[in-house]
Amino acid sequence: MAEQPYDQVVDTAPDEEGYERGLGSRQIQMIAIGGAIGTGLFLGAGTAISKSGPSLILSYAVAGVVIFAIMRALGELLTYRPVSGSFAEYAREFLGPFAGYVTGWTYWLFWVVTGMAETTAAAVYVRFWAPDIPQWLSALVFLVILYAANLISVKLFGEIEFWFSMVKVTAIIGMILIGIGVLTLGFSKAGDTASVTHLWQNGGFFPKGIGATVMTLQIVMFAYLGVELVGVTAGESENPRKTLPRAINTLPWRIALFYIGALAVILSLVPWTEFQPGVSPFVAAFGKIGIPAAAGIINFVVLTAALSSCNSGMYSTGRMLRDLALRGQAPGRLTALNSRRTPAFAITVSCLLMGAGVILNRLVPERAFEYITSVATVCGIWTWAMILVSQIRYRKAWRAGHLPPPSFKAPGGTWTSWAALAFLAMVVVLIALDEDNRISLYVFPCWALLLVIGYQVLKRRNPQAAHGLAHDHLHARDANADTR
């Protein structure tokens, strides 16, 4: 890609995005926490434990360091220029209009397909208590409720996400405290057998070898998908340059507590050999302790996690789609805000596509639906890579004197970003080596081809839109170049 002189690269985003800055510090903190806790932890950890044993703890720790590096790079960009388009805006500014176009549409697709999967999953969880309720009906009710909440106001979205996150946080903390009580006081059915020695007995800390532990890194990284959502809130945070760095800086202890701490306690309560793929390790541990209705409790928490993900998907797809429309890279009607300053039409379009996923899941075989949702994993890796590369380019522009210095510097500068990029490349290789997950690498090139075709059509029909310039801001380059 041709090098651009950064003294001529400008902020071509609208001077006033039109959103209500209705997300306070309390909500931003919980959105950040909720983004780091999903069904990947509550359900996916069971499969990962069966593949690597106690060394999964190390995988989460290593991946957590990489995720923190990605988030600190994002924090540097967010404090430089807090906008709701976030990842797409930075890719557009530092890597060119095509990178911004691809990143915006890819992140939108990521949350649409995630919303499809999570809505369907939530309906399945409801059947645990009410097996007679049709799955499509539960999915429809959830979609309508969350859709209405996202239309009403960003404050209501933030409040719903706050309480969804509170349920997940409370469940994990409760599990940790109960587990520590069992380990130290010896009560419950597991009191006689629970011991931290389970972490190195039964074959050692690496019972299936270091290679098996490395292979779990792809599963672990997928569990962290969504942690970057806090970046999309930049355009609607009350004080983004203060609240976003604070939320990002709490990420290490959140990873240490909710992932590493929870897994260490669970693997101390129950030997790793007793965990089965596809079974929540939390359910297994609660059952071993003898807590009544353990499966029901965890089912409620997983239901909450699925709804939280769907809620976040509606929020982020609406903002990303509107940002693309403001650039002329999506239909103009998607720029509309309702009286409460939410992107109603963009949310509606995204929600309808999520709803179509429920229908698709019912009409086609399960494997076909997995082919569609599998693209979400690579979409997430692409987004993280764009964040890191954008931060590297921003640093280059800052050192050259073309842009102001960051007020929230990422530790290690660009070195940590390069290391994180190398790690993401390794994860892609691991995906290619894994027969179960390789399908995502087949699906993503098809999506990339569609984007290339769409961009070429856009260039012929509207060259200014292809360059990411909104029709109402064609002269922003000259105006802003004088202020940079």
Side-chain angles (χ1 to χ4, degrees), residues 1 35-36 38 40-41 44 48 52 56 58-78 86-88 90-91 94-95 99-100 102-107 109-111 113-114 210-211 213-232 248 251-252 255 259 373-396 410-434 436-445 447-448 451:
M1 186 174 295
L41 171 63
S52 66
L56 179 65
L58 180 61
S59 295
Y60 271 102
V62 171
V65 172
V66 175
I67 290 296
F68 183 59
I70 294 170
M71 291 303 293
R72 281 302 299 259
L74 176 59
E76 193 169 286
L77 293 167
L78 287 171
S86 194
F87 327 117
Y90 305 135
F94 296 108
L95 300 172
V102 171
T103 302
W105 278 111
T106 299
Y107 196 67
L109 177 69
F110 162 66
W111 277 111
V113 296
T114 299
I210 296 178
T213 303
V214 172
M215 285 300 294
T216 62
L217 286 173
Q218 51 169 319
I219 302 175
V220 170
M221 291 301 284
F222 300 157
Y224 285 123
L225 286 174
V227 69
E228 75 292 327
L229 176 67
V230 69
V232 184
I248 291 170
L251 185 62
I255 291 174
Y259 281 94
T373 57
S374 65
V375 76
T377 55
V378 182
C379 287
I381 292 176
W382 171 272
T383 300
W384 289 340
M386 289 299 98
I387 291 171
L388 294 167
V389 176
S390 296
Q391 185 259 355
I392 291 170
R393 298 293 295 272
Y394 164 61
R395 281 270 180 150
K396 182 179 179 181
T414 59
W415 288 103
T416 52
S417 293
W418 281 114
L421 280 170
F423 184 89
L424 293 180
M426 182 188 70
V427 171
V428 173
V429 173
L430 294 177
I431 293 172
L433 295 175
D434 191 316
D436 294 334
N437 294 308
R438 194 178 300 154
I439 183 62
S440 60
L441 298 183
Y442 300 151
V443 175
F444 193 76
W447 171 246
L451 289 177

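A quick note: this is a predicted structure, and the numbers were derived from the prediction, not measured.
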d(Tyr107 OH, Met386 CE) to nearest 0.5 Å is 14.5 Å
Taking atom OH of Tyr60 and atom CD1 of Ile67, what is their separation to the nearest 0.5 Å?
11.5 Å
Shortest non-hydrogen contact from Ile248 to Gly75?
CD1-CA, 3.5 Å
side-chain contact (heavy atoms from CB on, under 4.5 Å) involving Trp418 - partner list, sequence neighbours excluded:
Ile392, Thr414, Leu421
Distance, nearest 0.5 Å, that separates CG of Leu78 from CD of Gln391
11.5 Å
Flag the pair Thr106 / Phe444 as yes when at least one side-chain heavy-atom distance between them is below 4.5 Å, and no otherwise.
yes
Which side-chain N or O atoms in residues 214-222 pair as donor and acceptor under 3.5 Å with protein atoms at least two apart or in another chain?
from   : atom 1 : to     : atom 2 : distance (Å)
Thr216 : OG1    : Ser59  : OG     : 3.0
Thr216 : OG1    : Thr213 : O      : 2.5
Gln218 : OE1    : Asn437 : ND2    : 3.1
Gln218 : NE2    : Met215 : O      : 3.4
Gln218 : NE2    : Asp434 : OD2    : 2.9

Got a second to check how far Glu76's CD is from Tyr90's OH, nearest 0.5 Å?
11.0 Å
For Trp105, check side chain to side chain donor-acceptor pair (under 3.5 Å) against everything at least two apart and list the hits.
none
Atom pair OH/CG of Tyr394 and Leu77 - distance to nearest 0.5 Å:
7.5 Å
Kindly determine whether Ile255 and Tyr224 satisfy side chain to side chain contact (heavy atoms under 4.5 Å, CB included), including the steps that lead there.
CA-CA 10 Å; Ile255 291 174; Tyr224 285 123; 3.3 Å; yes
Working to the nearest 0.5 Å, report the span between OG of Ser390 and CZ of Phe87.
10.5 Å
List for me each residue that meets salt bridge (charged side-chain N to carboxylate O under 4.0 Å, His left out) alongside Arg72, sequence neighbours excluded, and say none if there are none.
none
So the salt bridge (charged side-chain N to carboxylate O under 4.0 Å, His left out) pairs with at least one residue in residues 418-433 (sequence neighbours excluded) are none
Of Leu225, Val427, Val66, the residue whose pairing with Trp384 passes side chain to side chain contact (heavy atoms under 4.5 Å, CB included):
Leu225
Partners meeting side-chain contact (heavy atoms from CB on, under 4.5 Å) with Val428 (sequence neighbours left out):
Ile381, Leu441
